[in-house]
Amino acid sequence: MAHNITPSSKEDLRLMWHVIARWSQLLEYEGHADRGVAAWVRTNFDPVLKPHAIRDQFIHPTGESYSNTSGWIVARATKREKATPVISVTYGAQDDEGYKATAIRVSLLTRRSDERVEAEGWRFEQAERYDEGAEAHPYAHAQAINGWSASAQKCLIHPPHGVGDPCDGVDPQAGTVDDERRRRQAVTHVSHPAFPLPTVTLTGLALGTVVSLYGRNESRPIVEHDPKLRMAGEAVRKDLSVLGLIYV
């Protein structure tokens, strides 16, 4: 019997974490990344969460511990571009009224010919409620980003960093963001375009992120033979169907 799940409910949130845990397990990072990128990840992203840690910390949360990832999620590199995704997930109040918002931030890491690590950043986000008093993107969407937070200089998503450099975007000699990183910030359009995503649940948002990176065929094992997803109810099943992961 299918269990109906209300979009953005706690049940939907737990199922989203279930999807992310299966993503890091079935599309595992170890052994599939460029060695230079792997070394950079180990140095700069600590701790890297294992699938069991994601399940233990977030699927059955206590209190508000599910609000933000307490570490980094790293997944298998994409086939064509050989880009290694580093993922951070946030869930929390967007405004004073307590409206909950969810965002999945992804940095795609590749190594350049000069051994520096290049990064391209994207945020996959559920429908926004307010932007200066009006709905800006009242639909799930994806848009480019240049930092892990609104204050990008705290931790830039576009380095490029040398292997072993910190991820805060600060030149240790000058104490400021260097010129190359400033240029990358300047050409990244972080507000528009915001590409609509065809999903309405948080579970669908997570699966939409996976499908956008790997395509349908490589993403389907996350759903196949998983009773939690196949018995999740109409809203989630509609999202799975529109992403081509099941047929209804």
Side-chain angles (χ1 to χ4, degrees), residues 16-17 19-20 23-24 27 29 32-34 37 40-41 44-45 48-49 54 68-69 71-92 94 101-112 117-128 131 136-161 167-169 181 183-216 218-219 222 239 242-243 245:
M16 178 196 78
W17 284 117
V19 166
I20 292 172
W23 176 10
S24 65
L27 297 174
Y29 157 66
H32 293 276
D34 176 280
V37 172
W40 194 83
V41 167
N44 292 289
F45 295 97
V48 172
L49 297 176
I54 299 170
N68 298 281
T69 47
W72 303 93
I73 301 163
V74 185
R76 181 179 301 182
T78 59
K79 280 188 175 179
R80 291 188 178 181
E81 295 81 8
K82 305 299 181 185
T84 298
V86 176
I87 304 104
S88 176
V89 183
T90 57
Y91 173 85
Q94 188 182 53
T102 301
I104 301 172
R105 292 176 173 85
V106 179
S107 181
L108 298 172
L109 305 178
T110 54
R111 185 164 55 148
R112 305 190 320 194
V117 174
E118 188 73 74
E120 178 180 340
W122 291 90
R123 182 174 69 240
F124 298 81
E125 192 170 19
Q126 69 180 120
E128 292 178 352
D131 183 7
H137 308 125
Y139 45 80
H141 58 279
Q143 58 195 129
I145 57 174
N146 56 32
W148 290 111
S149 65
S151 178
Q153 290 191 16
K154 289 183 179 179
C155 194
L156 289 181
I157 212 161
H158 288 291
H161 301 296
C167 78
D168 58 8
R181 292 169 190 169
R183 284 194 294 271
R184 292 303 301 271
Q185 282 183 282
V187 300
T188 301
H189 303 286
V190 298
S191 296
H192 298 90
F195 302 100
L197 299 173
T199 57
V200 296
T201 65
L202 300 180
T203 307
L205 180 70
L207 285 164
T209 304
V210 178
V211 170
S212 72
L213 294 174
Y214 301 98
R216 182 191 67 175
E218 198 170 351
S219 303
I222 292 176
D239 281 352
V242 78
L243 292 171
L245 297 175

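For reference, positions follow the sequence shown, starting with 1.
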Might you point out which heavy atoms bring [X] and [Y] nearest each other, and give the distance in Å?
X      : Y      : answer
Val86  : Val41  : CG2-CG2, 4.2 Å
Thr199 : Gly204 : CG2-O, 3.6 Å
Ala206 : Val19  : CB-CG1, 3.8 Å
Pro193 : Gln143 : O-CB, 3.6 Å
Met16  : Thr203 : N-OG1, 3.7 Å

I'd like to check [X] versus [Y] (side-chain heavy atoms, cut-off strictly below 4.5 Å). Are they in contact?
X      : Y      : value
Arg216 : Leu243 : no
Leu202 : Gln126 : yes
Trp122 : Thr209 : no
Leu213 : Pro85  : yes

List in chain and number order the residues that pass side chain to side chain contact (heavy atoms under 4.5 Å, CB included) with Pro196, two or more places apart in sequence or in another chain; answer none if no residue qualifies. Tyr139
With sequence neighbours excluded, tell me which residues meet side chain to side chain contact (heavy atoms under 4.5 Å, CB included) with Glu218.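 Glu218: side chain to side chain contact (heavy atoms under 4.5 Å, CB included) contacts with Leu27, Arg76, Lys79, Tyr214.
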Let me confirm one number: the [atom1]-[atom2] distance from [X] to [Y], rounded to the nearest 0.5 Å.
X      : Y      : atom1 : atom2 : value
Trp23  : Ile104 : CH2   : CD1   : 7.0 Å
Phe45  : Trp148 : CZ    : CH2   : 5.5 Å
Leu109 : Glu118 : CG    : CD    : 10.0 Å
Leu108 : Lys82  : CG    : NZ    : 14.0 Å
Leu205 : Thr102 : CG    : OG1   : 7.5 Å
Leu245 : Ile222 : CG    : CD1   : 8.0 Å

Residues Val89, Ile20; criterion side-chain contact (heavy atoms from CB on, under 4.5 Å); working and verdict: CA-CA 10 Å; Val89 183; Ile20 292 172; 3.8 Å; yes
Give a yes or no on whether the backbone of Val200 and the side-chain of Asp239 come within a donor-acceptor separation of less than 3.5 Å. yes
